[in-house]
Amino acid sequence: MGRANDEVADLLQELADLLSITGGEGYKVRAYEKAVRAVSGHPEDVSTLDLKGLKQIPNVGEAIAKKILDYQQTGTIRQVEALRAQIPAGVRALTAIPTLGPKKAMVLYESLQVTSVAELATAIDEGRVRDLKGFGEKTEENILHGIALLEQSGGRVLVDLATELAEEVVSALGDVAGCVRCAHAGSLRRMRETIGDIDVLAASDDPAPLMETFVSLPIVSEVIARGDKKTSVRTIKGLQVDLRVVPLASWGAALQYFTGSKQHNVHIREIAVRAGLKLSEYGLFEAESGDLIVSSTEEDVYERLGLPWIPPTLREDGGEIEAALAGELPRLVQADDLRGDLHSHTDLTDGLATLEEMVATAAERGLEYYAITDHAPNLYMQRMTDEKMLAQRDAVRALQERYPDMVLLHGTELNIDPDGGVDWPAEFLEGFDVCVASVHSHFTQDSAEMTRRFVTACENPYVNVIGHPTARLIGRRPPVEADWDEVFRACARTGTALEIDCFPDRLDLPAELIRRAKRHGVRFAIDSDAHAVVHHRNIRYGMGIAQRGWLTPDDVINTWPLERLREFLRKGR
DNA sequence: GCCGTTTTCGGCCCGACTGTTTTCAGTCG
C-alpha cells in the first residue's frame with residue numbers, strides 16, 4: 001500500500017513547486033500542498049478510487065481528483081509534464097537549497113539562465129549573483145552555506161525510502177525460481193539514520209535468473225556492474241543497489257559480512273585471527289587447513305568466536321564486542337515492548353485524521369494507552385484555543401467508553417518559547433494527563449541560551465517529555481546547538497523524558513545523543529508523532545534509533561505499565 | 001484549488017526573521 005499514493009503526492013508536490021516558481025497564485029499552490037499531505041497520508045490506495053472516492057479525500061476536490069484520474073490512465077499528470085517542458089528540473093532543484101525559494105530560483109533562471117546547483121555556485125564565484133535585484137553579498141553567503149548543507153547529506157536517502165525500495169527488491173527476488181533465501185543487509189539492516197546504498201543478499205545455487213530479474217526491475221535505470229556473484233544497479237532515484245548471491249550453506253557468514261559495519265567486521269576478524277581462524281563471507285575456517293567450521297547462521301559464527309549473537313543495530317564497533325565478550329550486551333527494546341504512544345495529532349490542529357480514526361489505529365496497534373497531544377496556541381498557525389482544547393478533552397473522555405482495553409490520555413504538545421516558558425500557566429496545564437514540549441521556533445539561539453531554554457522547560461513540573469529535542473530535519477535543517485550534557489542532567493534531575501521521534505526525517509533524538517543521555521540516567525519516550533493513520537508505522541524507524549542508542553525496555557517510559565508511567569508523569573508533584 | 005451554520009462566492013494560517021531595501025519581498029515554520 002501507498003506506492004501509488006506516494007507517486008501521486010510527488011507529482012502534486014512538483015506541480016505546487018512549479019506553479020510557485022512560475023508565479024502561480026499562492027492559494028492555488030497551498031491547495032496542492034494540502035492535497036499532497038492528504039494523499040500521502042490517505043489509508044486507501046488512490047489508484048483504486050473513482051472520482052467520487054477521490055473527492056472524499058480531504059482537500060481533494062474536483063480538479064485534483066481529475067488529475068489523479070489522469071495519473072491512473074497515463075501514469076503521470078499532463079499539466080506537470082507541460083510545466084516540466086517550461087521549467088528545467090534543475091531550477092526546481094535550486095529550491096532545495098535552504099534560504100532559496102521559488103522567487104529567487106526564477107530570478108536566477110531568467111536573468112542568469114542558472115539551471116543547476118553547480119551552475120549557481122559558479123555564478124556566485126564569478127560575482128554575477130550579488131547584483132541581481134533582491135540579492136546581495138549576504139544572500140550569496142547564505143546560498144553557499146545552504147549548498148554545503150545540502151552536500152553534507154551526500155546523496156544519502158531517508159530510511160523509509162530505502163526500506164520500501166529494499167522490501168520491493170527482496171520481494172521480487174524471493175519469487176525467482178531457485179532463490180532459497182533473500183534479505184537486505186548493510187546499513188539498512190543496522191538501521192542507520194540515512195542510507196547511502198542498499199545491499200541485498202540472496203541464497204541460490206543458480207544465480208543467473210536472480211541477476212536477470214534484478215537488472216530487469218522497473219526501478220533500475222542503469223546497470224553499473226554485472227557478474228554471477230554480484231550485480232550493482234542504480235535506481236531511477238539515483239540510489240545504488242548491490243545484489244550478492246551465495247550458496248545457502250554460506251548464508252550466515254555472508255549475512256554477517258554484508259551487514260557490517262566495516263569496523264565491526266575488522267574487529268571480529270581480528271578475534272578470529274587470534275583464535276587461529278579465518279572469517280570471510282563464505283564462512284569461518286581453520287586458518288592452516290582451510291577447513292570450514294561454520295557458515296550457515298550468524299549465531300553459529302558468533303558462537304564459535306566465543307560471542308553471543310550481536311544485534312545488527314549495535315554493530316558499529318562502538319563497544320558492542322567488548323560488551324558481548326563480557327556477557328553484558330543490553331536486552332534491546334523492541335516494538336513488542338511498547339505499551340503506549342505519548343505523542344500524536346488529530347485534524348484539530350495539523351493532523352490529517354480525526355480523533356476517532358487515530359484512536360482506532362492506536363487500538364489496532366494493540367496499545368494499552370494512547371495520548372492525543374495536539375499543538376498548543378503559541379504555534380499560531382494552528383489556531384488552538386483553550387475552548388477547543390477543553391472540548392477535545394470531553395471528546396476524548398467520551399470516546400474512552402468504546403475502548404475498554406486502552407486508556408486514552410489527553411495531552412498537548414507545548415511550544416518552548418525562547419526563555420523556556422510554555423503556552424499555558426500551571427492551572428491549565430494541570431488538566432492534562434501528559435505534556436510534550438518542543439522547540440518550534442528560534443532555532444538559531446546560541447548554545448548557552450538554548451541550554452537554559454531546555455533546562456527551564458525541564459524544570460516546569462508539568463512538562464513530561466521534550467519533543468524531537470534537536471529539532472533537526474535530516475538534510476534540511478541542522479540540529480539546534482546546546483550543551484547536551486547539561487540538558488541531560490536537567491532531564492534526569494527533574495524526571496523529564498526525552499523523545500525519540502519516529503519520523504524518518506527527524507529520528508530525533510539521534511542515536512549518539514541517546515547513548516550519552518542514557519549515561520546520565522535519562523528516560524525516553526519512543527513516539528510516533530503521528531499526524532496521520534499511516535504514520536503509526538514509522539515506529540519501526542524510531543525503534544532502530546533507540547536500539548542504536550543501546551536502550552532497554554526499562555529506559556523507555558512507554559514500555560512501562562500505566563501505573564508506573566503515571567507515577568513518572570507526576571514528576572513528584 | 002478547496003471549502004461551506006459566511007454554502008456556489010469570497011475567503012483562505014499568522015508572525016518572525018533576514019536582507020534588501022527606502023517601505024518591503026522572500027523564506028520559513
Side-chain angles (χ1 to χ4, degrees), chain A residues 8 11-13 15-39 42 51 54-70 77 79-80 83 94-109 124 129-146 149 345 347-352 374-385 388 413 415-419 423 438-445 467-468 470-473 475-478 480 503 505-506 508 529 531:
Chain A
V8 168
L11 283 166
L12 292 174
Q13 181 65 58
L15 189 49
D17 291 349
L18 293 174
L19 277 176
S20 68
I21 291 169
T22 55
E25 272 179 85
Y27 293 122
K28 212 182 254 196
V29 172
R30 248 167 288 160
Y32 281 117
E33 285 175 342
K34 276 189 195 171
V36 167
R37 297 197 304 142
V39 166
H42 194 65
L51 185 68
L54 290 169
K55 283 171 71 175
Q56 277 171 6
I57 303 173
N59 301 309
V60 173
E62 183 85 12
I64 292 181
K66 284 190 171 157
K67 288 185 170 68
I68 300 177
L69 290 179
D70 191 13
I77 295 175
Q79 193 184 351
V80 175
L83 281 166
L94 295 181
T95 63
I97 302 170
T99 73
L100 204 165
K103 297 289 182 292
K104 284 196 163 69
M106 193 57 174
V107 170
L108 289 165
Y109 175 50
I124 292 174
V129 169
R130 62 185 58 185
D131 296 330
L132 296 175
K133 188 173 167 54
F135 290 74
E137 279 187 48
K138 191 69 192 175
T139 313
E140 288 186 339
E141 240 175 73
N142 287 340
I143 292 175
L144 287 177
H145 180 250
L149 205 67
H345 298 269
D347 59 3
L348 183 62
T349 55
D350 58 351
L352 292 161
D374 268 313
H375 287 290
N378 290 357
L379 200 62
Y380 301 101
M381 55 190 171
Q382 306 298 349
R383 299 186 136 187
M384 179 54 76
T385 61
K388 282 160 88 172
E413 183 181 13
N415 304 287
I416 307 176
D417 73 26
D419 295 326
D423 307 63
S438 312
V439 166
H440 288 128
S441 65
H442 301 84
F443 300 105
T444 53
Q445 278 182 317
H468 46 71
T470 78
R472 71 168 176 177
L473 292 174
R476 286 187 292 149
R477 183 171 67 208
V480 298
F503 256 84
D505 64 346
R506 285 197 185 269
D508 187 8
D529 190 6
H531 286 63

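Note that this is a predicted model, so its numbers are computed, not measured. Computed from heavy atoms alone, side chains included, the values below leave out hydrogens, waters and symmetry copies. Every chain is numbered from 1, with letters handed out A, B, ... down the list of sequences.
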Q. For A/Asn59 and B/dC2, what is the distance between atoms CG and C1' respectively, to the nearest whole Å?
A. 7 Å
Q | Protein-nucleotide distance (A/Glu25, atom CD; B/dG10, atom C1'), rounded to Å | A | 12 Å
Q. Looking only at heavy atoms, which two atoms of A/Ala65 and A/Lys55 are closest? And how far apart?
A. CB-CG, 3.8 Å
Q | Span that lies between the P atom of B/dG10 and that of B/dT20, in whole angstrom | A | 40 Å
Q) Quantified in whole Å, what is the P atom distance between nucleotide B/dT22 and nucleotide B/dG15? A) 25 Å
Q | Whole-Å gap separating P (B/dG1) and CD1 (A/Ile64) | A | 8 Å
Q: Provide the distance between the two P atoms, one in B/dT6 and one in B/dG11, to the nearest whole Å.
A: 14 Å
**Q.** Worked verdict on A/Arg472 versus A/Arg506 for side chain to side chain contact (heavy atoms under 4.5 Å, CB included)
**A.** CA-CA 6 Å; A/Arg472 71 168 176 177; A/Arg506 285 197 185 269; 5.8 Å; no
Q: Check the distance between B/dG1's C1' and A/Lys67's NZ and give it to me in whole angstrom.
A: 8 Å
Q: Answer yes or no: does a side-chain N or O of A/Arg383 lie under 4.0 Å from OP1 or OP2 of B/dC14?
A: yes
(Q) Taking B/dT23 as the reference, what is the distance to B/dC12 when you measure between their P atoms (whole Å, please)? (A) 28 Å
(Q) Check the orientation of A/His531 and A/His375. Use parallel for under 30°, tilted for 30 to 60°, and perpendicular for over 60°. (A) tilted
Q.
Under 3.5 Å for both donor-acceptor distances, Watson-Crick or wobble: does B/dT8 have a partner, and if so which one?
A. none
Q: Respond yes when some side-chain nitrogen or oxygen of A/His442 is under 4.0 Å from OP1 or OP2 of B/dA16, and no when none is.
A: no
Q) When the distance from OH of A/Tyr27 to C1' of B/dC13 is rounded to whole Å, what number comes out? A) 9 Å
Q: Quote, to the nearest angstrom, the P distance that separates B/dC2 from B/dC13.
A: 15 Å
**Q.** Close side-chain approach of A/Glu25 and A/Leu19, heavy atoms under 4.5 Å
**A.** no
Q: Measure the distance from CZ on A/Arg30 to P on B/dG11 and round it to the nearest whole Å.
A: 15 Å
Q) Can you find a side chain N or O atom of A/Tyr32 that sits less than 4.0 Å from OP1 or OP2 on B/dG1? A) yes
Q. Quick one: what's the B/S/- string for nucleotides 19-29 of chain B, heavy-atom cutoff under 4.0 Å, read 5' to 3'?
A. SSS----SSSS
Q. Less than 4.5 Å apart, any side-chain heavy atom of A/Val39 and any of A/Ile68?
A. yes
Q. Yes or no on salt bridge (Lys or Arg N to Asp or Glu O under 4.0 Å) for A/Glu141 and A/Lys138, after CA distance, side-chain angles and deciding distance?
A. CA-CA 5 Å; A/Glu141 240 175 73; A/Lys138 191 69 192 175; 3.4 Å; yes
(Q) Tell me the interatomic distance from A/Ile57, atom CD1, to B/dG1, atom C1', rounded to whole angstroms. (A) 15 Å
Q) Is A/Ile77 close to A/Leu12 at the side-chain level, that is, under 4.5 Å between some pair of heavy atoms? A) yes
(Q) Expressed as a whole number of angstroms, how long is the span from A/Gln79:CD to B/dG1:C1'? (A) 11 Å
